[in-house]
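Letters A, B, ... mirror the listed sequences (proteins, then strands); counts begin at 1.
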2 protein chains.
Amino acid sequence: MARYKFQGETPPEGQEEVCPVTYTQNLTAGRWKIIILWHLSKQTRRFNELQRLLPGISKGILTRQLRELEEDKMVHREVYKEVPPKVEYSLTPEGKTFIPVLDIMGEWGKKHMQRK
Amino acid sequence: MARYKFQGETPPEGQEEVCPVTYTQNLTAGRWKIIILWHLSKQTRRFNELQRLLPGISKGILTRQLRELEEDKMVHREVYKEVPPKVEYSLTPEGKTFIPVLDIMGEWGKKHMQRK
DNA sequence: CGGAATCCTCTACGATACTG
DNA sequence: CAGTATCGTAGAGGATTCCG
């Protein structure tokens with residue numbers, strides 16, 4: 001699961017259950033994760049392509065964000081045994097079910113951002 | 001807005017727009033914010049009540065999380081000039097429009113958590 | 001009762017160098 | 001091309017003390 005020490009991860013004493021909302025929140029709680037999911041929702045991408053789509057990200061960080069998303073079953077990593085290496089990232093079926101959630105969060109955000 | 005240095009806050013060079021999804025994400029990106037919003041969606045609460053509902057949180061942290069939610073127009077703070085002091089927290093109208101989003105995140109989270 | 005003010009810790013993010 | 005390994009830093013969270 002997510003590596004953030006927010007509510008969902010370590011339920012405070014007295015609360016046995018992990019809040020599903022916070023669980024969801026934590027999945028996307030990474031500096032680049034939402035944008036990565038968004039790009040992958042459009043099409044499969046290679047490592048280098050993603051790096052170019054995310055100006056400013058370093059290879060180390062991109063790798064970590066992708067590994068975490070993979071661990072969370074949101075992203076699939078396909079390695080082609082070629083030289084030079086080729087690795088393609090795509091959404092898993094579960095990752096795809098998350099797109100509508102992203103959409104709704106985006107809709108709400110758009111409205112809320114305007115009333116500032 | 002949120003105080004997190006995720007994607008939404010400082011758009012990387014080359015991207016003018018702030019992603020609305022990330023904007024939404026950031027609003028709830030605090031260790032206790034989602035649970036606070038959830039409790040306030042049920043009913044108005046006093047400071048001390050909230051502290052009791054969130055076992056393990058300190059006054060300082062609770063104050064900060066509430067102040068940030070207030071700044072983000074999610075939570076309303078009503079001060080009653082009495083002795084001893086009384087302060088009530090509730091959702092703003094905008095905060096209330098966020099409940100359906102929470103619900104959807106929760107639904108998705110529930111399903112996703114099971115398939116582990 | 002509902003904070004404000006300090007100090008501290010932990011870790012997500014990032015920069016850099018190196019590699020099969 | 002797609003990483004790994006190492007090191008450094010900022011800032012979110014927390015513990016504690018004091019206050020009107």
Length of the CD-P vector between Glu68(B) and dG14(D), whole Å: 12 Å

Length of the NZ-P vector between Lys81(B) and dG20(D), whole Å: 18 Å

Check: Arg31(A) side chain, dG14(C) base, donor-acceptor under 3.5 Å: no

Closest-nucleotide 5' rank along DNA chain D - winner of Ile57(B) and Lys59(A): Lys59(A)

Side chain of Val87(A) (C-beta onward), nearest among dG3(C), dC13(C), dG3(D): dG3(D)

Sugar-phosphate only, base, or nothing, as touched by Lys86(A) at under 4.0 Å among non-hydrogen atoms: sugar-phosphate

Nucleotide dA12(C), atom P - distance to CD of Glu71(A) in whole Å: 12 Å

Nearest-nucleotide pick for Arg77(A), side chain only, options being dG2(C), dG13(D), dG3(D): dG3(D)

Cationic N near anionic O, under 4.0 Å, Lys86(A) to Glu78(A): no

Arg64(B) vs dG3(C): side-chain N/O to OP1/OP2 distance below 4.0 Å: no

Distance in angstrom units between Arg46(A) CZ and dA2(D) P, rounded: 4 Å

Nearest-angstrom distance from the residue atom CD of Gln65(A) to P of dG3(D): 14 Å

Check: Tyr89(B) ring centroid to His76(B) ring centroid under 6.0 Å: no

Separation of atom CG in Leu54(B) from atom C1' in dG13(D), rounded to whole Å: 14 Å

Closest-nucleotide ordering on DNA chain D, the 5'-leading residue of Pro84(A) and Pro85(B): Pro84(A)

Heavy-atom pair of closest approach, residues Thr24(A) and Gly109(B): OG1-CA, 3.2 Å

Nearest to side-chain heavy atoms of Asn48(B), which nucleotide of dT16(D), dG2(C), dG13(D): dG2(C)

Phosphate OP1/OP2 of dG14(D): any Trp32(B) side-chain N/O under 4.0 Å: yes

Distance test, side-chain N/O of Arg67(A) to OP1/OP2 of dG3(D), below 4.0 Å: yes

d(CD, Gln51(A); P, dC1(D)) in whole Å: 10 Å

Tyr89(A) OH - dA2(D) P separation (whole Å): 8 Å

Pairwise side-chain contact, Leu54(A) with Leu62(A), heavy-atom cut-off 4.5 Å (strictly under): yes

Side-chain N or O of Arg52(A) closer than 4.0 Å to phosphate OP1/OP2 of dC1(D): no

Glu49(B) (side chain) donor-acceptor with Arg46(B) (main chain) under 3.5 angstrom: yes

